[in-house]
Trainee: 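One structure coming up, written as structure tokens, with questions to follow.
Computed from heavy atoms alone, side chains included, the values below leave out hydrogens, waters and symmetry copies.
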Amino acid sequence: MPRRPRKGARPIRAFVYAVLIHVAFGAMLGVTLWVQPRTLKPIEGKPVQAKAIDLAAIEREKQRIAAEKKKAEEEKKRKEAEKKKKKKEEQERKRKEEEKKKKAEEEKKRKEEEERRKEAEKKKKAAEEEKKRQQEEQKRKEAEEAQRQQDEQDAVSAFGAVAWAIQEQVRSNWNPPAGDFNGMSVSFTIRVDRDGNVTSVEMSRSSGNARLDESAENAIFKASPLPIPSEARFYEYLKEFEFVFSPQS
């Protein structure tokens, strides 16, 4: 069981507390009487110089700052606008250069195409002219060949008309050598000028008798000029001809 407190203990404790409080209070009072209070001297303050506030100057400063700020902003805007303008001008310059380059390329292509077209037309025209020239040349050659054949036929016909006269003229100038030449004949290739003068005589087939051959050749030269056709267009076909000489009349 818990121990009960003894009666009379509380009054003794209260007495002790009261004594201690009085001792402490007396000690504090003694200390206060022993310490002598000191007189405090007032601190001398330095004089403060008052400055007048110039409201107008402050306002002007504010306006100056505002003006500089506005000027700086305007300068910034001006530079940005100038930068944009230069950028736009540069873009426009590049666009014009590109457009100019494009036009130059298109013009170059157009000229090249025009040159190709002209060259093609030129070649076509040249081919057509060449074809026409060849056709005309062919026609000319055909006409010349037809004319040549006609002239040759006419020359042969004209020569046939004078062949007997040439034969008689040669025979009349022949000095027959001694001998029997019955059934013999000798052939010569005779060349004449435009007037019928004999320029050369070549024996193309012998008669077998040298005396007949030689006498016949001499007779041909003596008969010069021969009576060939006088038309100039016949000369090309009659300037060289085969002549057969036979002693028989």
Trainee: Is a side-chain donor or acceptor of Arg171 paired with a backbone partner of Ser246 at a separation under 3.5 angstrom?
Mentor: yes

Trainee: Determine whether Glu61 and Arg64 satisfy the following criterion, salt bridge (charged side-chain N to carboxylate O under 4.0 Å, His left out), listing intermediate values before the conclusion.
Mentor: CA-CA 5 Å; Glu61 184 66 16; Arg64 184 187 66 78; 2.3 Å; yes

Trainee: Is it true that Glu145 and Arg148 make a salt bridge, defined as a side-chain N closer than 4.0 Å to a carboxylate O?
Mentor: yes

Trainee: Between Ser207 and Asp213, is the side chain to side chain donor-acceptor pair (under 3.5 Å) condition met? List the steps.
Mentor: CA-CA 6 Å; Ser207 65; Asp213 294 344; 2.5 Å; yes

Trainee: Is a side-chain donor or acceptor of Arg211 paired with a backbone partner of Ala178 at a separation under 3.5 angstrom?
Mentor: yes

Trainee: For the side chain of Ser224 and the backbone of Leu226, is there at least one donor-acceptor N/O pair under 3.5 Å apart?
Mentor: no

Trainee: Working note: Arg93 + Glu90, criterion side chain to side chain contact (heavy atoms under 4.5 Å, CB included); need CA distance, chi angles, decisive distance, verdict.
Mentor: CA-CA 5 Å; Arg93 185 186 65 80; Glu90 182 65 17; 2.3 Å; yes

Trainee: Between Glu128 and Lys131, does at least one N-O distance fall below 4.0 Å, as a salt bridge requires?
Mentor: no

Trainee: Verify whether one side chain among Gln149 and Gln153 offers a donor that lies under 3.5 Å from an acceptor in the other.
Mentor: no

Trainee: Less than 4.0 Å between a side-chain N and a carboxylate O, is that true for Glu98 and Arg95?
Mentor: no

Trainee: Going by the angle between their ring planes, with limits at 30° and 60°, are Phe159 and Phe241 parallel, tilted or perpendicular?
Mentor: tilted

Trainee: Rounded to the nearest 0.5 Å, how far apart are NZ of Lys84 and CD of Gln91?
Mentor: 12.0 Å

Trainee: Check this for me: does any side-chain nitrogen of one of Arg117 and Glu121 sit under 4.0 Å from a carboxylate oxygen of the other?
Mentor: yes

Trainee: Identify all side-chain donor-acceptor contacts of residues 195-202 below 3.5 Å with residues at least two apart in sequence or on another chain.
Mentor:
unit_1 : atom_1 : unit_2 : atom_2 : d
Asn197 : ND2    : Asp193 : OD2    : 3.1
Thr199 : OG1    : Arg191 : O      : 3.0

Trainee: Are Lys111 and Glu115 close enough for a salt bridge, meaning some N to O gap below 4.0 Å?
Mentor: no

Trainee: Decide, yes or no, whether a salt bridge links Arg110 with Glu107 under the criterion of side-chain N to carboxylate O below 4.0 Å.
Mentor: yes

Trainee: Can you check whether Glu152's main-chain N or O pairs, donor with acceptor, with Glu236's side chain at less than 3.5 Å?
Mentor: no

Trainee: More than 12 foreign heavy atoms under 6.0 Å from CD of Glu214: is that the case here?
Mentor: no

Trainee: Does Glu74 come within less than 4.0 Å of Arg78, counting only side-chain N to carboxylate O?
Mentor: no

